Amino acid sequence: MIQKGFVAVFEQPLDRAALSECVASWLDRFEKVEQVVPKMEGTLEVKEPSEIMWEPNLQFRVINGEQFAWVYVSLDKRAMETTGFQDAEISFCLEVLLELPNIAEVVDEKNQRRLEELEKAGII
């Protein structure tokens with residue numbers, strides 16, 4: 001399978017409240033959300049945003065049937081990255097970004113020019 005990825009740029013930095021809204025959106029739309037356990041191997045299921053284990057850099061796995069996407073996010077940054085596998089229709093790693101609040105832009109990982117601009121601006 002071919003790997004795929006996207007970077008979502010938000011209007012404001014992602015604080016705990018904004019990231020909790022994102023997790024709530026995933027819980028409403030998809031079967032399961034897991035968080036990589038800080039400083040350990042493995043994941044734990046997140047059944048509601050209050051169960052998030054807060055740290056500066058967070059990693060989640062959003063699951064829907066046999067599809068899944070990894071989500072990487074740093075608190076107080078304006079970007080969120082997803083990776084997964086390319087699907088025949090819309091890639092699930094893009095679908096997890098759709099409908100999230102306050103997204104200003106979604107960039108395909110293959111758009112190196114735009115990603116470099118975002119990196120120079122300190123957004124990613």
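What you see is a predicted model, and the numbers here were worked out from it, not measured in a lab. In what follows, every heavy atom counts, from backbone to side chain, and hydrogens, waters and symmetry copies are set aside.
In this structure, E119 contributes its side chain and L115 its backbone to no donor-acceptor pair below 3.5 Å. A donor-acceptor distance shorter than 3.5 angstrom exists from the side chain of W26 to the backbone of V96, with no hydrogens or angles considered. Using a distance-only test at 3.5 Å, with no hydrogens or angles considered, a donor-acceptor pair links the side chain of Q112 to the main chain of E109.
Annotation: side chain of V37 is in contact with side chain of M53 (closest heavy-atom distance under 4.5 Å). Contact check for F60 versus L19: side-chain heavy atoms found under the 4.5 Å cut-off. Using a 4.5 Å cut-off on side-chain heavy atoms (C-beta onward), P49 and L27 make contact. Between Q59 and W70 the shortest side-chain heavy-atom distance falls below 4.5 Å. Looking only at side-chain heavy atoms (C-beta outward), V46 and E34 stay at 4.5 Å or farther from each other.
Residues meeting the side chain to side chain donor-acceptor pair (under 3.5 Å) test with R114, sequence neighbours left out: E105, E117. Applying the salt bridge (Lys or Arg N to Asp or Glu O under 4.0 Å) rule to K77 yields no partners; only residues at least two apart in sequence or on another chain are considered. Evaluation of the side chain to side chain donor-acceptor pair (under 3.5 Å) rule for N57 yields S74 as partners, not counting sequence neighbours. Checked against salt bridge (Lys or Arg N to Asp or Glu O under 4.0 Å), E81 has no partners two or more places apart in sequence or in another chain. Under the rule for a side-chain contact (heavy atoms from CB on, under 4.5 Å), the partners of I90 that lie at least two apart in sequence or sit in another chain are L94, E95, L98. In this structure I103 satisfies the side-chain contact (heavy atoms from CB on, under 4.5 Å) test together with A8, F10, L97, L100, V106, sequence neighbours excluded. Checked against salt bridge (Lys or Arg N to Asp or Glu O under 4.0 Å), D108 has the following partners two or more places apart in sequence or in another chain: K4. Contacts of K120 classified as side-chain contact (heavy atoms from CB on, under 4.5 Å), with partners at least two apart in sequence or in another chain: none. Legend: residues meeting ring-ring contact (aromatic ring centres under 6.0 Å, His included) with F6, ordered by chain and number and at least two apart, are absent. Evaluation of the side chain to side chain donor-acceptor pair (under 3.5 Å) rule for E31 yields no partner, not counting sequence neighbours. In terms of the side chain to side chain donor-acceptor pair (under 3.5 Å) criterion, residue partners of E48 (sequence neighbours excluded) are, by chain and number, S50.
Of all heavy-atom pairs between S25 and E99, the closest is OG-O, 4.1 Å. Considering all non-hydrogen atoms of both residues, A69 and C93 come closest at CB-CA, 3.7 Å. Residues R78 and Q12 come closest through the heavy atom pair CG-C, 3.7 Å. Nearest heavy atom pair, residue Q35 against residue L58, reads NE2-CD2, 3.2 Å. Residues F92 and V62 approach most closely at CE2-O, 3.3 Å, considering heavy atoms. Considering all non-hydrogen atoms of both residues, A79 and L14 come closest at O-CD1, 4.0 Å.
Note on I52: it clusters hydrophobically with V33, by side-chain heavy-atom contacts below 4.5 Å among ILVMFWY residues. Clustering ILVMFWY residues whenever any of their side-chain heavy atoms sit less than 4.5 angstrom apart, transitively, puts I63 in a cluster other than the one holding V71.
Screening residues 11-29 for salt bridge (Lys or Arg N to Asp or Glu O under 4.0 Å) gives no qualifying pairs among residues at least two apart or on separate chains.
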